[in-house]
Amino acid sequence: MQKTVIGNWKMHGTLESAASLASEISDYVSVRALQRTKVVLCPAAIHLTKVLENIAGSTVALGAQDCNANEQGAYTGDISSTMLADIGAEYVILGHSERRAGYAESDALVAEKALAAKEAGLIPVICIGESLEQRESGEYAHVLEQQAKNSVPHGFHANDFLLAYEPVWAIGTGKVADVETIHITHEHIIKQLPQGSAILYGGSVKPENALEIMQIPHVDGVLVGGASLKSTSFNAIIAAAEQEGQ
Ligand code: PGA
């Protein structure tokens, strides 16, 4: 079964470091001639075209970390999904918890962006996840149900998007959700989605836990933050995905 491994570089790097990281990853992907793993790199917007140059000729795809819901217009500082598609991006991460928390992005806005992304020919990677408080109070199942239902646009089919389950308490904290939690939660989320939808897990994925996570039923890949910033750790995660996909 195919696995997707996405690197979310967030607001890190320079033009030079982004270019070398992209080359190190795409060289690895080309040498390994991956059969079952799709690799996507999501650098900061300003590094997109440079990364694209450095993955050219490989099967690695380019993704952005956000887009505006409108095609064009007076939205100072923003980038549209049409612009992303125009420069050669194929994916866009939407509704990441850092955007939901830092920019008050609602499920409705995420759904609008996802629709715009699809119309531009991109694959939106729609993120959902509960807070620690919601996990501990037992509210999480309902919260995730609502987020999934309201962030994925009505009428979307399974191959129009990827869903990423990223518990907020596991992002950048080193605290990965345990196998049982990921299994039960993915099983719950999948019931809210169109049949055949793919769900990635994100939150402190590292080379040490990647294989174990990838072996969980209904885990179709991983969204990686911190460990995607070094080719040694990210390439090891790619290797785990390829191994599990066999
Ligand atoms: P992390 O981030 O791997 O550093 O926890 C994941 C994410 O934010 O997508």
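All figures in this text were calculated on a predicted structure; none of them were measured in a lab. Whatever order the structure lists them in is the order used to number ligands and atoms, beginning at 1.
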Applying the side chain to side chain donor-acceptor pair (under 3.5 Å) criterion to T37, which one of Q243, R32, Q2, E242 satisfies it?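 By the side chain to side chain donor-acceptor pair (under 3.5 Å) criterion, T37 pairs with just one of Q243, R32, Q2, E242: E242.
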Neighbouring residues of ligand 1, heavy-atom cut-off under 4.0 Å: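 Contacting ligand 1 under 4.0 Å are N8, K10, H96, E166, A170, I171, G172, G203, S204, L223, V224, G225, G226.
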Inspect the contact between D220 and K3 and indicate whether a charged nitrogen and a carboxylate oxygen are less than 4.0 angstrom apart. no
How long is the straight-line distance from CD1 of I25 back to CZ of F234, given to the nearest 0.5 Å? 5.5 Å
Just list the side-chain donor-acceptor pairs under 3.5 Å for residues 11-20, sequence neighbours left out, or say none.
unit_1	atom_1	unit_2	atom_2	d
T14	OG1	E16	N	3.4
T14	OG1	S17	N	3.0
T14	OG1	S17	OG	3.3
S17	OG	T14	N	2.8
S17	OG	T14	O	3.3
S20	OG	E16	O	2.8

Stepwise side-chain hydrogen bond (donor to acceptor under 3.5 Å, both in side chains) test for S80 and N68: CA-CA 5 Å; S80 72; N68 187 289; over 6 Å; no
Could you tell me how the ring of Y201 sits relative to the ring of H186: parallel (under 30°), tilted (30 to 60°) or perpendicular (over 60°)? tilted
